[in-house]
Amino acid sequence: MTGEPAGTMLYEGKAKKIFTTERPDQVLQYFKDDATAFNAQKRGTIADKGVVNNKVSERLFTLLEQQGIPTHFIQRLSDREMLTKKVTIVPVEVVVRNVVAGSLAKRLGLTEGAIIDPALIEFYYKDDALGDPLVNDDHLRLLNVATPAVLREMRDLGHKINAVLLPFFKQRRMLLVDFKLEFGVFHNRLILADEISPDTCRFWDQTTKESMDKDRFRKDLGKIEEAYQEVLKRVCG
Ligand code: UDP
């Protein structure tokens with residue numbers, strides 16, 4: 001196992017640590033194996049999750065860049081380390097949904113597995129103390145979190161990213177049920193940040209409809225490590 005990065009730690013999140021680099025406009029994301037769910041009430045580790053999430057994110061950020069979507073990705077440095085542009089994160093989680101699952105099924109009493117077309121976009125205000133509440137554009141304006149123009153751009157980018165990722169996963173016999181995006185501001189420009197991985201997406205195997213993502217941890221479905229490795233194989237293999 002490689003040691004900790006050389007820089008100063010700027011931030012430690014649930015699944016990643018962020019370190020300084022020699023350049024003030026770049027940071028290093030270090031992917032951990034720690035897993036949390038239900039606003040960190042459930043904790044555990046998933047062996048080699050950090051390696052899988054780093055490599056899957058690299059593949060997806062590269063794909064999105066090729067399709068003209070700006071991201072914070074610069075380069076993967078090692079199994080667990082990714083060099084990225086240093087952004088100011090917009091404290092909004094943008095969730096894109098193609099299939100009913102998770103909190104949407106619960107909140108609206110909808111049947112899990114029902115297709116949503118066109119995709120549904122939701123905003124959640126990133127605030128651990130409040131438990132990341134679902135909010136609308138007016139709430140975010142009230143909170144001074146994002147201007148209408150930024151909200152419009154995040155919504156447009158959510159749809160564009162979905163249009164790239166849906167067929168990519170379909171080719172790999174995976175249904176992209178839903179996923180969460182975070183954006184950041186870099187030189188006055190909104191770019192995609194954070195990660196896109198089995199921690200932040202729901203994938204169902206196209207044939208068996210089995211979960212290949214963090215739901216296996218959330219719901220104690222077993223074979224968690226195996227599912228993460230299978231995603232790595234299908235996405236990067
Ligand atoms: N998600 C995430 N981080 C969060 C909340 C949700 O990455 O803090 C992802 C989650 O993995 C799923 C999608 O966003 O792919 C929608 O999650 P949902 O609202 O259904 O919440 P959950 O059921 O995960 O509580």
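Every value quoted in this text rests on a predicted model; they were computed, and no experiment measured them. Remember, it's 1-based here, ligands and their atoms both numbered in the order they're listed.
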Quick one: does [X] get within less than 4.0 Å of ligand 1, heavy atoms only?
X    : result
E93  : yes
D215 : no
E122 : no

Could you list which atoms of ligand 1 come closer than 4.0 Å to a heavy atom of [X]?
X    : value
G102 : 20 (O), 23 (O)
R202 : 12 (C), 15 (O), 16 (C), 17 (O), 18 (P), 20 (O), 22 (P), 23 (O), 24 (O)
D199 : 7 (O), 11 (O)
Y124 : 19 (O)
R218 : 10 (C), 11 (O), 24 (O)
V95  : 14 (O), 16 (C)

Mind checking whether F203 and F169 have parallel, tilted or perpendicular rings, split at 30° and 60°?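 Correct class here is tilted.
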Side-chain donor or acceptor of [X] paired with backbone N/O of [Y] under 3.5 Å:
X    : Y    : value
R76  : S78  : yes
R172 : F168 : yes
T45  : A47  : no
S211 : R216 : no

Which of these passes side chain to side chain donor-acceptor pair (under 3.5 Å) with Y228: D199, D48, D213?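 Answer to the side chain to side chain donor-acceptor pair (under 3.5 Å) test with Y228 among D199, D48, D213: D199.
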May I ask you to check whether F123 and H139 place their ring centers less than 6.0 Å from one another?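 No, the ring centres sit 6.0 Å or more apart.
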Give me the residue, atom name and distance of the protein heavy atom closest to atom 2 (C) of ligand 1.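 Of the protein heavy atoms, K180 CE, 3.5 Å lies nearest.
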Geometric N/O contact S103 with ligand 1, under 3.5 angstrom: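 For ligand 1, there is an N or O atom that lies under 3.5 Å from one belonging to S103.
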Locate the shortest heavy-atom distance separating Y124 from S103; write the atom from each residue and the value.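 The answer is OH-OG, 3.4 Å.
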Minimum heavy-atom separation for A227 and M212, please, with both atom names.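 Scanning both residues completely, I find the closest heavy atoms to be CB-CA, 4.0 Å.
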Less than 4.0 Å between atom 25 (O) of ligand 1 and some protein heavy atom, yes or no?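 Not a single protein heavy atom is under 4.0 Å away.
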For ligand 1, note which part of A37 has a heavy atom under 4.0 Å away: side chain, backbone, both or neither.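 The answer is neither.
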Heavy-atom nearest neighbour of atom 13 (C) of ligand 1 within options D178, V177, N39: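 Comparing heavy atoms across D178, V177, N39, the nearest one to atom 13 (C) of ligand 1 lies in D178.
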